[in-house]
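What follows is one structure encoded as structure tokens, with my remarks underneath.
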Amino acid sequence: MLQIPPEAYNDERRQYNSSVILDMLKPLRSPDVCRILAVIDEDLYVPWLNFVFGMADMESGVAIISLVRLRNEIYGYPPDNRLLFERTVKEAVHELGHTFGRGHCADPRCVMHFSNSLEDTDRKGASFCPNCRGRSGMEWYF
Ligand SMILES: [Zn+2]
Ligand SMILES: [Zn+2]
């Protein structure tokens, strides 16, 4: 467990700035650490968006996902751990996909499709479409 850097917290927004946290994670990469994926139970933002489900830094190979907006409860629905798990896997694969050089995909069923809302996340699968899979041997990694 890592301490969340307090300077990442924005009092007005009551959210954590995901790029500040990624900056903290970058030095933890080493030749034996292929990728870093942080999972946080706090709400994340970038200055130009209300929130983000996650964020990745392609160059340094570090990524973060937040569980907060993947939970049914915050939308007023009963808790569902199976759904929470599925959504977490999709967001994790998506952000890791970015660290392996994948951009966003237009196919709404592809895991690399951008999720603007939870409906987007629920619509897409946890795997890459043939087009995304085909580019530079992604199947070696997943
Ligand atoms: Zn993305
Ligand atoms: Zn795709």
Side-chain angles (χ1 to χ4, degrees), residues 1-30 33-142:
M1 285 281 243
L2 285 174
Q3 200 67 43
I4 306 168
E7 64 270 29
Y9 190 70
N10 183 312
D11 280 322
E12 271 164 44
R13 302 184 57 134
R14 302 209 220 155
Q15 291 171 304
Y16 285 85
N17 185 325
S18 50
S19 25
V20 175
I21 301 180
L22 286 189
D23 282 342
M24 183 201 82
L25 296 172
K26 284 177 196 173
L28 304 177
R29 276 289 308 287
S30 72
V33 179
C34 171
R35 290 293 184 271
I36 292 175
L37 176 71
V39 181
I40 191 172
D41 207 0
E42 299 286 350
D43 203 18
L44 294 174
Y45 79 96
V46 289
W48 60 93
L49 291 173
N50 289 342
F51 76 93
V52 287
F53 289 116
M55 187 185 183
D57 185 84
M58 287 201 189
E59 238 164 85
S60 59
V62 300
I64 185 167
I65 58 168
S66 162
L67 300 179
V68 172
R69 291 179 191 255
L70 303 179
R71 292 182 204 283
N72 265 2
E73 299 88 294
I74 78 151
Y75 306 90
Y77 296 106
D80 187 327
N81 278 337
R82 189 190 54 84
L83 261 180
L84 174 64
F85 180 73
E86 269 176 28
R87 291 165 179 162
T88 305
V89 169
K90 290 174 189 176
E91 291 309 319
V93 173
H94 180 96
E95 297 308 335
L96 286 171
H98 283 317
T99 71
F100 286 101
R102 290 296 170 285
H104 284 148
C105 177
D107 180 348
R109 306 265 163 202
C110 174
V111 74
M112 289 317 294
H113 190 75
F114 175 67
S115 286
N116 214 357
S117 68
L118 203 59
E119 288 86 74
D120 296 329
T121 306
D122 285 342
R123 194 180 315 114
K124 69 187 179 184
S127 47
F128 298 88
C129 73
N131 191 32
C132 288
R133 201 181 307 128
R135 282 182 252 152
S136 83
M138 197 66 180
E139 59 276 15
W140 286 99
Y141 298 104
F142 291 94

M55 vs L22 side-chain heavy atoms within contact, under 4.5 Å: yes

Approximate separation, where rounding is to 0.5 Å, of L96 CG and E91 CD: 11.0 Å

Interatomic distance, R14 atom CZ to Y9 atom OH [nearest 0.5 angstrom]: 6.5 Å

Parallel, tilted or perpendicular: rings of H104 and F114 (30°, 60°): tilted

Between CD1 on residue I21 and CG on residue D57, distance to nearest 0.5 Å: 13.5 Å

Side-chain donor or acceptor of K90 paired with backbone N/O of K124 under 3.5 Å: yes

Smallest separation among heavy atoms of F128 and R133, with atom names: O-NH2, 2.7 Å

Salt bridge (charged side-chain N to carboxylate O under 4.0 Å, His left out) against R29, all qualifying residues, sequence neighbours excluded: none

Shortest non-hydrogen separation from D120 to S115 and the atoms involved: CB-CA, 3.6 Å

Least distance between heavy atoms, P5 atom then M24 atom: CD-SD, 3.3 Å

Gap between atom OG of S117 and atom OH of Y75 - 0.5 Å precision: 8.0 Å

Reported CD1-to-OG1 distance for the pair I36 and T99, which is rounded to 0.5 angstrom: 10.5 Å

Taking distance alone, no hydrogens or angles, what donor-acceptor pairs closer than 3.5 Å link side-chain atoms of residues 62-72 to residues at least two apart or in another chain?
{"residue": "S66", "atom": "OG", "partner": "E42", "partner atom": "O", "Å": "2.7"}
{"residue": "S66", "atom": "OG", "partner": "V68", "partner atom": "N", "Å": "3.2"}
{"residue": "R69", "atom": "NE", "partner": "D43", "partner atom": "OD1", "Å": "2.8"}
{"residue": "R69", "atom": "NE", "partner": "D43", "partner atom": "OD2", "Å": "3.3"}
{"residue": "R69", "atom": "NH2", "partner": "D43", "partner atom": "OD2", "Å": "2.6"}
{"residue": "R71", "atom": "NH2", "partner": "D41", "partner atom": "OD1", "Å": "2.9"}
{"residue": "R71", "atom": "NH2", "partner": "D41", "partner atom": "OD2", "Å": "2.7"}
{"residue": "N72", "atom": "OD1", "partner": "R87", "partner atom": "NH1", "Å": "3.1"}
{"residue": "N72", "atom": "OD1", "partner": "R87", "partner atom": "NH2", "Å": "3.3"}
{"residue": "N72", "atom": "ND2", "partner": "P78", "partner atom": "O", "Å": "2.9"}

Closest non-hydrogen atom pair between G101 and M58, with its separation: CA-SD, 4.2 Å

Nearest heavy-atom neighbours spanning D107 and H113: O-CB, 3.3 Å

Heavy-atom neighbours of R109 CZ exceed 12 at 6.0 Å: no

Over all atoms of both residues, closest heavy-atom pair of N50 and Y45: O-CB, 4.1 Å

Ring pair (Phe, Tyr, Trp, His ring centres under 6.0 Å) contacts touching residues 47-72 (sequence neighbours left out): F51-F53

Carboxylate-amine/guanidinium proximity below 4.0 Å for E86 and R82: yes

Spatial distance of atom OG (S60) from atom CG (L25) [nearest 0.5 Å]: 8.5 Å

